[in-house]
Number of protein chains: 2
Amino acid sequence: MRIGELARRTGCEVETVRYYEKEGLLTIPQRDGSGYRSYTGQQLEELQFIRHCRSLGMPLAEIKALLRFRYHPQWDCAGVNAILDTQIARVQEQMRGLQSLLEQLHLLRMECAHRQQAGECGIMKNLNQAAKGEPCLCHPLPEGCA
Amino acid sequence: MRIGELARRTGCEVETVRYYEKEGLLTIPQRDGSGYRSYTGQQLEELQFIRHCRSLGMPLAEIKALLRFRYHPQWDCAGVNAILDTQIARVQEQMRGLQSLLEQLHLLRMECAHRQQAGECGIMKNLNQAAKGEPCLCHPLPEGCA
DNA sequence: TAGACACCCTGAAGTAGCTATAGGGTCAAG
DNA sequence: CTTGACCCTATAGCTACTTCAGGGTGTCTA
Ligand SMILES: [Zn+2]
Ligand SMILES: [Zn+2]
Ligand SMILES: [Zn+2]
Ligand SMILES: [Zn+2]
């Protein structure tokens, strides 16, 4: 099959497929008489493997590593588990960051209940205070306001 | 003060300061006899305002908008509130995404309890199944596995 | 007076994972 | 013989920086 059909079947863009090839994730395909890429069912599976891992938020470098385990089923899977654990830790870390961000934003948002002049707006007042080095409501920690 | 002191006082890198200037966030500073940038207390506050907003996860375009409200205190603050609401919605959206990602990763991770050959590893088996278009444990939805 | 060192300058490239654009070739249908 | 759908390469753009190459400035010391 050609690149368009491959893309349609996997739900990803043609440019993305070419990008994965350039990045060394997808096996280099054969070319037909017109110089068009020609893919096999193997490569369709390979691309679906990649997209599935991407949907789990994994970076391309780690997907590359997982593909190597796919091609070497006799290898010890400890590396696979490690990749998963790393990814879980990364996602947890990001969630912690977003959680505290959300709390800060909520605190800040509550400073303005109704429309008024920006100079009187509790949000702007708070941001301007913080700019002067004074304490702010959104970062009520001892050393806050990075 | 020169750029190094400004950077030290705000805890950001010299290159970041020059970057903000290039992006039109920081007021263009005076230059001294040697062509070095020379900053005032006003600009220190401006930079601290920017860094504070960045610590709330706001993109530079929205910080630019907030800076305009800072310089126009007579404007209606509805735009300020809208920026905050947008940012809160964005963070909530990201958290929802990460939350479901985390659940999927946990389900997948549980497929392998001990070291073995990658070909026998429950994680790899699951990923390979998904690559063939078969249902996977990490995406147990009707249409899952994007 | 020469060298060392800390600081400053510009401009360009690199990061992640694509997406989009420019400028062209291939092929079947009408 | 032209239209349209598809394909190709190479390059730039996106975010928010960081890093690097190559060079200038200013002060202190030997
Ligand atoms: Zn307000
Ligand atoms: Zn704050
Ligand atoms: Zn395993
Ligand atoms: Zn899945």
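Letters A, B, ... mirror the listed sequences (proteins, then strands); counts begin at 1. As the structure is a prediction and not an experimental result, all values here were calculated from the model. All values below come from the heavy atoms of this structure, side chains included, with hydrogens, waters and symmetry mates left out.
For the pair B/I3 CD1 and C/dA6 C1', the computed distance is 15 Å after rounding to whole Å. Rounded to whole Å, the distance from OH on B/Y19 to P on C/dC9 is 18 Å. Rounded to whole Å, atom C1' of C/dT10 lies 15 Å from atom CD1 of B/I28. Put simply, CG on A/L6 is 10 Å from P on D/dC7, counting in whole angstrom units. Atom pair A/E15:CD and D/dA10:C1' shows a separation of 13 Å (rounding to whole Å applied). Atom CD in A/Q94 sits about 15 Å away from atom P in C/dA16, given to the nearest Å. Taking atom CD1 of residue B/I50 and atom P of nucleotide D/dC17, one finds them 10 Å apart after rounding to whole Å. What separates CD of B/E62 from P of D/dT15 is a distance of 12 Å, to the nearest Å.
Close to C/dT10, at under 4.0 Å from its OP1 or OP2, lies a side-chain N or O of B/R31. Within the structure, a side-chain polar atom (N or O) of A/R37 is placed less than 4.0 Å from OP1 or OP2 of D/dC8. Remark: A/R18 is in phosphate contact with D/dC8, judged by side-chain N or O atoms under 4.0 Å from OP1 or OP2. The phosphate of D/dC8 (OP1 or OP2) has no side-chain N or O of A/S34 nearer than 4.0 angstrom. An OP1 or OP2 oxygen of C/dC18 is reached within less than 4.0 angstrom by a side-chain nitrogen or oxygen of A/Y20. For B/R2, no side-chain nitrogen or oxygen approaches OP1 or OP2 of C/dC7 to under 4.0 Å.
No side-chain donor-acceptor contact under 3.5 Å links B/Q94 to the backbone of A/L98. In this structure a side-chain-to-backbone donor-acceptor pair under 3.5 Å is present from B/Q43 to B/T40.
One finds no salt bridge joining A/E93 and A/R90 here, because no Lys/Arg side-chain nitrogen approaches an Asp/Glu carboxylate oxygen to under 4.0 Å.
With respect to B/E5, the salt bridge (Lys or Arg N to Asp or Glu O under 4.0 Å) criterion is satisfied by exactly one of B/R2, B/R8, B/R9: B/R9.
Mapping B/Y39 and A/M58 onto DNA chain C via the closest heavy atom, the residue that lands nearer the 5' end is B/Y39. Of the residues near DNA chain D, B/Y36 and B/R54, the one whose nearest nucleotide (by heavy atom distance) lies more toward the 5' end is B/R54.
Residue A/E13 is classed as a sugar-phosphate contact, given heavy-atom separations below 4.0 Å to backbone atoms only.
Note on A/I28: it does not cluster hydrophobically with A/Y19, by side-chain heavy-atom contacts below 4.5 Å among ILVMFWY residues.
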